[in-house]
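Scope of the values below: all heavy atoms of this structure, side chains included, with no hydrogens, waters or symmetry mates. Since we're looking at a predicted model, the values are computed, not measured.
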Amino acid sequence: MSGGLGFDRARLDRLDRHFARYVEDGRLAGWQLAITRRGATAHLSSCGFRDREAGSPVADDTLWRVYSMTKPIASVAAMTLWEEGAFALTDPVSRWIPSFADVRVYHRGSVDDVVTVPAIEPVRVWHLLTHTSGLTAGFLRTSVVDALYRRAGYDMGSPEGTTLASLCDDLARLPLLFQPGTAWGYGASTDVLGRLVEIWSGQSLDAAIADRVTRPLGMADTVWHADDARADRLAALYVPDPVTGLAVRADAIGDRALSPPAVLSAGGGMLSTLPDYVRFTRMLAGGGELDGVRVLAPRTLRLMTANHLAADLRALSTGGFTNAVFDGVGFGLGFAVVVDPVKARTATSPGEHHWGGAAGTVFWVDPVEELTVVFMTQLLHLAGSHLVPSEAHPIRARLRQLVYSALVA
């Protein structure tokens with residue numbers, strides 16, 4: 001499958017052997033990988049089980065929880081509306097969600113004695129897309145503001161009866177972690193963006209994303225839950241044992257994907273298959289077009305995959321992302337963007353854009369090499385009882401090393 005696409009077959013086999021060891025020793029139940037180059041499939045491989053206990057192997061139609069890999073899909077949907085003139089990137093969010101008109105920013109104090117100050121400038125759409133809004137997430141457990149989110153019922157879920165609209169109002173009443181535009185912080189920005197997509201489109205979020213992204217691209221299995229027709233294809237979810245590091249089944253969390261979500265999360269609510277997500281990445285690599293279907297204009301996509309962060313911007317509320325912001329990596333409109341591969345200690349190209357999900361999934365698009373990579377697995381990293389947006393094992397870094405060392409022409 002690698003003929004003429006610049007990959008060394010023996011080196012691709014080495015890549016597969018490396019990750020097969022994760023399955024053999026029990027660190028992962030299974031995984032799936034696709035590499036494309038110049039619009040053609042360069043490598044497809046899989047190993048292990050979608051459900052280890054049932055003995056069900058990984059298959060092309062396996063459904064994976066992609067968690068935060070929902071964010072780029074939702075961001076693309078938002079930018080299709082930008083192309084229609086629905087909003088400007090500099091528009092304040094309060095134009096459509098009035099509760100954001102008078103947001104406050106954490107200044108000092110404990111959870112029980114918080115001192116806040118007014119926001120110097122409004123939260124804008126651009127801040128949501130770049131994660132510079134000051135919104136954070138309760139599950140991060142890195143700040144007083146995170147604790148306030150949890151006190152309000154926003155940890156790894158939402159309070160009963162929450163809607164996407166009420167979630168946004170609740171978040172607007174909580175203090176921001178930092179002044180908008182002054183830092184980068186992982187959190188609920190894309191969920192608020194999802195509500196804006198509903199307002200701009202006049203549709204529910206699932207309908208808007210289906211009409212604007214997944215249906216045009218033929219992503220029929222990129223959905224919000226595994227219904228009865230899909231349930232037997234859903235991969236089991238695992239967590240690493242805190243002592244051994246081996247994968248342990250986590251049905252209490254994993255089974256949530258079998259029911260429609262109470263709140264559609266643009267930040268992390270979707271399921272997908274490997275072939276579906278590959279189509280999404282091929283659209284990105286194709287300048288916004290795939291198989292004659294245009295989702296975005298090339299200039300829009302170039303805007304989205306450029307670094308929008310100032311060089312001196314701090315990184316806060318980053319959970320497992322500890323570099324400031326990330327060494328050699330910035331952020332665009334819905335994607336992390338490699339600015340300097342040497343500082344990032346990677347063999348990828350400037351302009352490579354990527355993101356990953358909480359259960360170990362990851363993708364990237366390298367426009368210089370005309371390369372896309374999608375890796376699927378289901379290992380959710382928990383520290384104690386809470387989610388940590390990082391990896392239990394260095395899967396993503398090793399994947400980059402091994403992919404680029406197999407690319408020889």
Starting at CG of Leu177, measure out to CG of Leu174 and round the result to the nearest 0.5 Å. 12.0 Å
Does the pair Val125 and Leu129 meet the rule for a side-chain contact (heavy atoms from CB on, under 4.5 Å), with working shown? CA-CA 6 Å; Val125 178; Leu129 282 158; 4.1 Å; yes
Determine the sole option in Val403, Thr281, Thr36 for which the side-chain contact (heavy atoms from CB on, under 4.5 Å) test with Leu371 is passed. Val403
Take Val76 and Ile209 through the side-chain contact (heavy atoms from CB on, under 4.5 Å) test and state the conclusion after the steps. CA-CA 9 Å; Val76 166; Ile209 286 179; over 6 Å; no
Lys/Arg-Asp/Glu bridge criterion (N-O < 4.0 Å) met for Glu84, Arg212: yes
Thr346 versus Gln401: any side-chain heavy-atom pair under 4.5 Å? no
Which atom names give the shortest non-hydrogen contact between Val93 and Val192, and what distance separates them? CG1-CG1, 4.2 Å
Can you find a heavy atom in the side chain of Phe335 that is under 4.5 Å from one in the side chain of Val365? no
Ion pair check, Glu24 and Arg21, cut-off under 4.0 Å: no
What are the two closest heavy atoms between Gly48 and Val23, and how far apart are they? CA-CG1, 3.8 Å
Begin with the C-alpha distance, continue with both residues' side-chain angles, and end with the deciding distance and a verdict on side-chain contact (heavy atoms from CB on, under 4.5 Å) for Ile253 and Leu380. CA-CA 10 Å; Ile253 301 172; Leu380 188 68; 4.0 Å; yes
Is it the case that atom CD in Glu53 sees more than 12 heavy atoms from other parts of the structure closer than 6.0 Å? yes
I need the minimum non-hydrogen distance between Pro216 and Ala210, along with the two atoms involved. CD-O, 3.3 Å
Dump the intermediate steps for side-chain hydrogen bond (donor to acceptor under 3.5 Å, both in side chains) on Thr348 and Tyr404, then the final yes or no. CA-CA 7 Å; Thr348 191; Tyr404 281 106; 2.8 Å; yes
Trp355: which of Phe331, Trp364, Tyr67 passes ring pair (Phe, Tyr, Trp, His ring centres under 6.0 Å): Phe331
Would you find a donor on one side and an acceptor on the other, under 3.5 Å apart, between the side chain of Tyr149 and the backbone of Thr136? yes
Report yes if some heavy atom in the side chain of Asp60 is under 4.5 Å from a heavy atom in the side chain of Gln32; otherwise report no. yes
When every non-hydrogen atom of Ser158 is compared with those of Leu167, the smallest separation belongs to OG-CD1, 3.8 Å
Apply salt bridge (charged side-chain N to carboxylate O under 4.0 Å, His left out) to Asp255 and list each qualifying residue two or more places apart in sequence or on a separate chain. none
Measuring from Thr273:OG1 to Arg233:CZ, what's the distance to the nearest 0.5 Å? 7.5 Å
Rounded to the nearest 0.5 Å, what separation is found between the CG atom of Leu171 and the CZ atom of Arg195? 13.0 Å
Can you tell if the side chain of Trp224 reaches within under 4.5 Å of the side chain of Thr70, non-hydrogen atoms only? yes
Yes or no on salt bridge (Lys or Arg N to Asp or Glu O under 4.0 Å) for Arg173 and Asp170, after CA distance, side-chain angles and deciding distance? CA-CA 5 Å; Arg173 284 190 286 268; Asp170 287 347; 2.5 Å; yes
Does a salt bridge link Asp155 with Arg141, judged by any charged N lying under 4.0 Å from a carboxylate O? yes
What distance separates Asp276 CG from Met376 CE, expressed to the nearest 0.5 Å? 8.5 Å
Test: Asp61 and Arg230 ion pair at under 4.0 Å: no
Can you check ring-ring contact (aromatic ring centres under 6.0 Å, His included) on Trp31 and Tyr22, steps first, answer last? CA-CA 9 Å; Trp31 55 262; Tyr22 279 82; 9.1 Å; no
Quick check: are there more than 12 heavy atoms from other residues, nucleotides or ligands sitting under 6.0 Å from CZ of Arg294? yes
Given 3.5 Å as the limit, does a donor-acceptor pair link the side chain of Thr300 with the main chain of Leu296, or not? no
Residue from Thr214, Thr361, Thr222 passing side chain to side chain donor-acceptor pair (under 3.5 Å) with Ser272: Thr222
Taking the side chain as everything from C-beta on, heavy atoms only, tell me whether Ser75 gets closer than 4.5 Å to Met304. yes
Step by step, work out the side-chain contact (heavy atoms from CB on, under 4.5 Å) result for Thr132 and Trp126. CA-CA 8 Å; Thr132 58; Trp126 174 82; 3.6 Å; yes
Any chance the side chains of Ser99 and Asp169 put a donor and an acceptor closer than 3.5 Å? yes
With under 30° as parallel and over 60° as perpendicular, where do the rings of Trp200 and Phe87 fit, or are they tilted in between? parallel
Is a side-chain N or O of Asp91 found less than 3.5 angstrom from the main chain of Ala88, in a donor-acceptor match? yes
The reported gap from NE2 in His393 to NE2 in His381 (rounded to nearest 0.5 angstrom) is 8.5 Å
Do the side chain of Asp51 and the main chain of Ala235 share a donor and acceptor less than 3.5 angstrom apart? no
Less than 4.5 Å apart, side chain to side chain, heavy atoms only: is that true for Val408 and Phe7? no
NZ/NE/NH1/NH2 to OD/OE distance under 4.0 Å, Arg150 and Asp146: no
Please answer whether the main-chain N or O of Leu135 pairs with a side-chain N or O of Ser133 as donor and acceptor at a distance below 3.5 Å. yes
Donor-acceptor contact present, side-chain Trp184 to main-chain Thr130, <3.5 Å: yes
Shortest non-hydrogen contact from Leu63 to Ala226? CD1-CB, 4.1 Å
Tell me whether Arg279 is salt-bridged to Asp291, with the criterion being a basic N under 4.0 Å from an acidic carboxylate O. yes
How about Val145 and Leu176: do any of their side-chain heavy atoms sit closer than 4.5 Å? no
Using only atom types and a distance under 3.5 Å, with no angle test, would you say the side chain of Asp251 pairs donor to acceptor with the backbone of Gly254? no
With a 4.5 Å heavy-atom cut-off, do Val329 and Val339 have their side chains touching? no
Hey, mind stepping through Phe375 and Phe19 against ring-ring contact (aromatic ring centres under 6.0 Å, His included) and telling me if it holds? CA-CA 11 Å; Phe375 182 85; Phe19 288 107; 5.5 Å; yes
Once rounded to the nearest 0.5 Å, what's the spacing between atom CE of Met69 and atom CZ of Phe363? 6.0 Å
Using modelled atom types and a 3.5 Å cut-off, is there a donor and acceptor pairing between side-chain atoms of Arg50 and backbone atoms of Val58? no
Residue pairs meeting salt bridge (charged side-chain N to carboxylate O under 4.0 Å, His left out), one or both in residues 342-368, sequence neighbours left out, come to Glu352-Arg400
Which heavy-atom pair separates Ala42 from Leu12 by the least distance, and what is that distance? O-CD1, 4.2 Å
Taking atom types as modelled, is there a side-chain donor on Glu369 or Ser349 under 3.5 Å from an acceptor on the other? no
Check whether any side-chain N or O of Arg27 sits under 3.5 Å from a backbone N or O of Leu246 as a donor-acceptor pair, and report yes or no. no
